[in-house]
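Keep in mind the model is a prediction, meaning the values are calculated, not measured.
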Amino acid sequence: MKKTTKTTKASMQNAPRVACCSRRQKIWGIIALAGLFTCGLMIGMAIRRPAVSAPNDAVASPTAVVADADLKPTCTVIEELILNRIYPENSSDAGSHLLNADTYTVLVERGCPENVEHYKTMALREIEIATALQSDVDLESPGQTEIVIDTYKKLNMQREAREFLDKVQRLTDPAIDFILQMERVINE
């Protein structure tokens, strides 16, 4: 076995060498490797760099003060974003007006304090419009009834919520009584 190994090593030494790559390919390989190393180094430095500088940093402080001065109050931003949900006033869909009423109650809770009364008035106005369009609104629908009652509740108007619920009950009770009476007739 030792002889075979020696023979193999000797035959390898005598064999002609075949180049794996040309000189040009080797140079481009070195350049590519150096470029890859440089990219890795830059990415590593970017990750390692702190995202926010310390507040005592004299360079960062003036920038932070200017940025805060340009910020709108949070309640104003909330109002602008939520007002985008409002359906047009001329909509003949009572459901849209009920959704508007619900949106205005969100603004009563989350908007700027100086606008609370305006949004409360708008929410009540939207409920009034929706009930005026009652032929189009299904007040017996649990979803729409819930919006109206929830709106009154959020506006701290429990008495109005109770009156509305009583109205819905008056509308649905005769229908339920009629259906039960018809079932009795069918079953007899």
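Under the side chain to side chain contact (heavy atoms under 4.5 Å, CB included) criterion, I27 pairs with R23, I31, not counting sequence neighbours. Contacts of E109 classified as salt bridge (Lys or Arg N to Asp or Glu O under 4.0 Å), with partners at least two apart in sequence or in another chain: none. For R110, the salt bridge (Lys or Arg N to Asp or Glu O under 4.0 Å) test picks out no residue, with sequence neighbours left out. For S91, the side chain to side chain contact (heavy atoms under 4.5 Å, CB included) partners at least two apart in sequence or on another chain are D93, S96, H97. Scanning for side chain to side chain contact (heavy atoms under 4.5 Å, CB included) contacts around R24 gives S22, W28, with sequence neighbours left out. Checked against side chain to side chain contact (heavy atoms under 4.5 Å, CB included), I149 has the following partners two or more places apart in sequence or in another chain: T145, A161, F164, L165. For N156, the side-chain hydrogen bond (donor to acceptor under 3.5 Å, both in side chains) test picks out no residue, with sequence neighbours left out.
Screening L71, T76, V77 for a side chain to side chain contact (heavy atoms under 4.5 Å, CB included) involving P73 leaves a single residue, T76.
Among residue pairs with one or both ends in residues 117-131, those qualifying as salt bridge (charged side-chain N to carboxylate O under 4.0 Å, His left out) are E89-R125; sequence neighbours excluded. Among residue pairs with one or both ends in residues 76-87, those qualifying as salt bridge (charged side-chain N to carboxylate O under 4.0 Å, His left out) are K72-E80; sequence neighbours excluded. For residues 31-40, no pair satisfies salt bridge (charged side-chain N to carboxylate O under 4.0 Å, His left out), with sequence neighbours left out. The disulfide bond (SG atoms under 2.5 Å apart) pairs that include a residue from residues 80-116 are C75-C112, where partners are two or more places apart or lie in different chains.
Contact check for L155 versus V108: side-chain heavy atoms found under the 4.5 Å cut-off. The closest side-chain heavy-atom distance from T151 to I127 is below 4.5 Å. Using a 4.5 Å cut-off on side-chain heavy atoms (C-beta onward), L83 and Y104 make contact.
Interatomic distance, I147 CD1 to D102 CG, rounded to the nearest 0.5 Å: 5.5 Å. With rounding to the nearest 0.5 Å, the separation of OH in Y152 from CG in L124 is 6.5 Å. Interatomic distance, T38 OG1 to I43 CD1, rounded to the nearest 0.5 Å: 11.0 Å. Taking CG of L98 as the reference point, atom CG of D150 lies at 11.5 Å (rounded to 0.5 Å).
In plain terms, the two heavy atoms of V106 and I82 that are nearest each other are CG1-CD1, 3.5 Å. Of all the heavy atoms in Y87 and L99, the pair that sits closest is CE1-CD1, 3.8 Å.
Grouping Ile, Leu, Val, Met, Phe, Trp and Tyr residues whose side-chain heavy atoms lie under 4.5 Å apart, directly or via other members, leaves L36 alone, with no other cluster members.
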